[in-house]
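Everything numeric here is computed off the predicted structure, so don't read it as measured data. Chain letters run A, B, ... following the sequence lines, proteins first and then strands; every chain starts at 1. All values below were derived from every heavy atom in this structure, side-chain atoms included, with hydrogens, water molecules and symmetry-related copies excluded.
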Amino acid sequence: MPILTVKNVNKRFGGLQALDNVNLEIEAGTVHAIIGPNGAGKSTLLNCFIGKLIPDTGLVDFDGVSLLGKKPHEINQVGVSRVFQTPEIFGDLSLLENVMIPSFASRDGAFRVNAWSSVENETSIKEQAMALLEDVELADSAQVIACQLSRGDKRRLELAMCLVQQPKLLLLDEPTAGMARADTNNTIDLLKKIASKGITMMIIEHDMHVVFSLAEKISVLAQGTVIAEGLPEEIKGHPKVQEAYLGGAHL
Amino acid sequence: MNWLNINKNDRNLLIGFIVVVLLGPLIMEPIGGGYPDLLQKFAIFGIFAIGFNILFGLTGYLSFGHAAFLGIGSYTAVWSFKLLTMNVIPAIILATLLGGFFALIIGFIALRRSGIYFSILTLAFAQMSYNLAYSVLTPITNGETGLQLRLHDARVVDGLFGVERTAGLPNTELFGLAMSGWNGYYFCGFLAIVGFFISLRIFRSPFGLMLRAVKSNQHRLSYTGLNTRPYTLAAFVISGMYAGLAGGLLAVTDPLAGAERMQWTASGEVVLMTIFGGAGTLLGPVIGSAVIKYFENIFSSFNEGILLNAFSFLPEGLQQAFAWTVGLFVGEGWHLTLGLLFMFIVIFLPGGLMEGATRIKSLFQSSTKGSPPIQKDLPVEKS
């Protein structure tokens with residue numbers, strides 16, 4: 001059963017047809033990658049999932065609810081967590097606090113004034129956050145201020161922040177962009193570990209190494225439309241894909 | 001103290017705060033500040049700054065219009081004295097509520113923007129309030145003269161309870177206790193303790209954590225499933241209520257209210273106090289307001305005669321030259337001293353006086369324990 005359904009989505013910016021009748025289905029429990037050359041419309045499509053853009057026509061349904069017109073926090077509250085291209089974390093707060101905040105959001109909803117209780121005494125939230133930090137191997141630096149982390153560690157922290165909410169869908173926007181090779185491989189291993197727990201992931205990625213290490217299904221986007229879809233092996237040898245990436249030139 | 005839901009460190013902090021408030025007169029006596037008028041100001045502006053810090057220190061939203069709520073608190077309290085009773089309890093409750101109510105309206109609009117645009121919107125609202133109070137709303141605010149008590153004021157509640165009318169203007173009172181002098185100070189001091197405790201609770205709560213997250217990365221917070229607008233609005237209203245309370249207390253200790261209390265310089269003052277002491281810290285704003293109010297009183301009281309006297313050991317020409325030079329920085333010109341101090345703090349201690357205190361503390365600890373302090377920007381050497 002698909003958890004995310006995108007049907008006939010069109011988006012036009014002035015004279016540019018950024019998305020041209022896009023159809024997409026993401027099966028629960030799979031890792032689905034969306035690839036495509038620069039300007040293919042990958043980010044535009046992602047922005048339609050997260051409440052940043054509203055498509056001109058078409059539907060984006062998640063788990064039976066339409067995501068169109070919803071605000072970012074409402075989309076998160078229905079079970080979609082998101083990892084950004086540049087890790088977005090709370091730089092002034094400790095790692096533990098960074099992971100506790102999304103945990104509070106899942107428990108208490110989008111807004112709650114609980115000024116009498118003490119963060120210190122929230123043992124279950126704290127334990128949950130510590131467990132997640134252990135999963136991403138950051139438990140030792142739980143009290144460190146997050147802005148001091150390396151790029152790769154910030155990504156780990158961001159993943160822990162998403163996973164603590166037990167999302168039904170995890171959106172990853174170029175999770176290894178700007179990373180050194182070692183960090184990239186670490187991140188791939190971590191994502192594999194996460195995928196093995198059955199969390200549905202949608203990855204938007206440039207790096208073919210990352211895509212082919214993780215994805216169970218791949219959709220190729222070019223000039224705003226899905227030109228190919230299938231298993232990694234099928235996509236590798238697909239003539240349309242090679243044309244889109246290499247501009248028809250034969251090497 | 002378990003019912004207060006605070007840990008040992010915070011308990012000690014709170015006890016320390018209470019002791020300082022109680023012993024305020026003794027502590028300030030040796031440095032020439034042991035009189036109720038000044039100490040009241042410490043407490044009142046301490047409350048104002050504590051509240052402002054909940055908005056600015058936690059969420060990072062810099063309001064340049066909080067004096068508007070201070071002024072609203074004062075007008076409300078004076079009206080309560082005129083119409084209801086000279087008892088201060090209704091006055092400060094109404095002042096707090098009205099401060100919060102106006103903060104809700106102004107915050108609802110201003111919080112649609114962030115950063116400099118938010119600051120400008122709040123500044124515009126405060127200046128608008130000032131001008132309204134100064135001219136258009138004269139029937140309510142009594143314009144440039146300021147709102148004062150009168151002999152024939154209604155005082156309905158006092159009338160019901162058969163409080164006898166005095167020949168002169170009545171004093172503000174708390175169930176018969178006159179709110180002038182030391183009584184007034186301890187009343188304000190008590191409320192400062194309550195205000196400090198509430199701020200402590202907010203700092204340690206999940207709600208406070210969310211406010212700090214707003215300051216750190218609001219974008220991330222909304223993608224984490226939290227609606228940031230009500231959080232910032234709640235912080236704005238709370239700080240508006242603190243400002244209203246402070247304004248009410250200004251009227252309690254001296255029952256008149258003028259429009260100049262709402263002017264932008266007054267809004268700027270609370271920003272200075274908070275940054276001076278350390279924005280985002282619990283004690284910083286209180287310390288900042290006390291230091292600024294102390295200097296205001298001490299430096300502005302120096303006049304030429306005192307200066308000439310102080311330099312009397314010098315030959316006459318030098319004496320006058322020195323007195324003239326120093327004279328620029330005291331009396332009317334004490335803001336020059338404040339400006340220099342402020343520059344010094346912002347350049348060398350961006351975290352305010354509290355950062356200075358932390359640095360001294362870590363120096364002291366490292367010299368006693370013999371281990372170097374771990375600095376976050378320096379690599380730790382491995383031995």
Side-chain angles (χ1 to χ4, degrees), chain A residues 50-52 71-84 86-94 96-122 125-126 144-148 154 157-158 161-162 164-165 167 171 173, chain B residues 1-11 54 57-60 197-238 241 279-281 351 374-380:
Chain A
I50 51 158
K52 239 186 183 173
K71 297 206 172 94
H73 69 265
E74 294 168 329
I75 290 176
N76 178 283
Q77 288 286 350
V78 297
V80 183
S81 279
R82 177 181 181 190
V83 166
F84 289 80
T86 9
E88 291 266 1
I89 52 168
F90 303 111
D92 310 320
L93 307 180
S94 76
L96 184 63
E97 287 170 325
N98 264 275
V99 186
M100 285 172 85
I101 288 168
S103 192
F104 277 123
S106 302
R107 192 193 69 182
D108 297 342
F111 174 65
R112 187 177 157 202
V113 184
N114 40 354
W116 188 258
S117 77
S118 205
V119 174
E120 264 191 357
N121 302 338
E122 298 276 2
I125 296 260
K126 218 174 181 176
V144 171
I145 301 302
C147 63
Q148 297 173 29
K154 279 183 184 163
L157 175 62
E158 198 185 23
M161 290 163 69
C162 290
V164 78
Q165 299 191 311
L171 298 176
D173 188 5
Chain B
M1 286 262 253
N2 221 0
W3 56 276
L4 288 178
N5 198 16
I6 53 180
N7 68 21
K8 211 174 141 196
N9 286 338
D10 289 343
R11 189 191 61 196
I54 290 172
L58 290 180
T59 71
F197 173 70
I198 293 172
S199 144
L200 179 74
R201 282 258 36 95
I202 290 176
F203 266 66
R204 302 287 182 250
S205 68
F207 173 66
L209 181 62
M210 298 311 165
L211 297 184
R212 285 194 289 146
V214 168
K215 183 182 187 177
S216 188
N217 191 343
Q218 192 166 358
H219 184 232
R220 183 19 118 188
L221 197 63
S222 59
Y223 283 97
T224 302
L226 289 150
N227 194 358
T228 57
R229 184 76 65 76
Y231 278 103
T232 47
L233 186 58
F236 195 86
V237 171
I238 291 169
M241 289 172 81
T281 63
I374 298 167
Q375 290 188 340
K376 58 180 175 184
D377 47 358
L378 290 177
V380 182

Approximate separation, where rounding is to 0.5 Å, of B:Arg220 CZ and A:Glu158 CD: 4.5 Å
Part of A:Ile75 within contact of chain B (heavy atom distance under 4.5 Å): neither
Trace of the side-chain contact (heavy atoms from CB on, under 4.5 Å) decision for A:Met161 with B:Tyr223: CA-CA 11 Å; A:Met161 290 163 69; B:Tyr223 283 97; over 6 Å; no
Chain A contact via B:Ile198 - side chain, backbone, both or neither, heavy atoms under 4.5 Å: neither
Portion of A:Ser81 that has a non-hydrogen atom of chain B nearer than 4.5 angstrom: neither
Proximal component of A:Cys162, with respect to chain B [non-hydrogen, under 4.5 Å]: side chain
Closest heavy-atom pair and its distance - B:Pro206, A:Glu122: CG-OE2, 3.8 Å
Side chain / backbone / both / neither for A:Glu74 at chain B, heavy atoms under 4.5 Å: neither
Backbone of A:Gly91 reached by a side-chain donor or acceptor of B:Ser216 within 3.5 Å: yes
Audit row: B:Thr228, A:His73, side-chain contact (heavy atoms from CB on, under 4.5 Å) steps and yes/no: CA-CA 9 Å; B:Thr228 57; A:His73 69 265; over 6 Å; no
Residues A:Leu93, B:Arg212; criterion side-chain contact (heavy atoms from CB on, under 4.5 Å); working and verdict: CA-CA 8 Å; A:Leu93 307 180; B:Arg212 285 194 289 146; 3.7 Å; yes
Residue that, paired with B:Thr224, satisfies side chain to side chain contact (heavy atoms under 4.5 Å, CB included) out of A:Glu88, A:Gln165, A:Arg82: A:Gln165
CG on B:Leu226 to CG on A:Asn76, rounded to 0.5 Å: 8.0 Å
Test log, rule side-chain contact (heavy atoms from CB on, under 4.5 Å), inputs B:Leu209 and A:Ile101: CA-CA 8 Å; B:Leu209 181 62; A:Ile101 288 168; 3.8 Å; yes
Interatomic distance, A:Trp116 atom CH2 to B:Ile202 atom CD1 [nearest 0.5 angstrom]: 11.0 Å
Main-chain N/O of A:Val113 paired with B:Tyr231 side-chain donor or acceptor, under 3.5 Å: no
Contacting region of A:Asn98 [heavy-atom separation from chain B under 4.5 Å]: neither
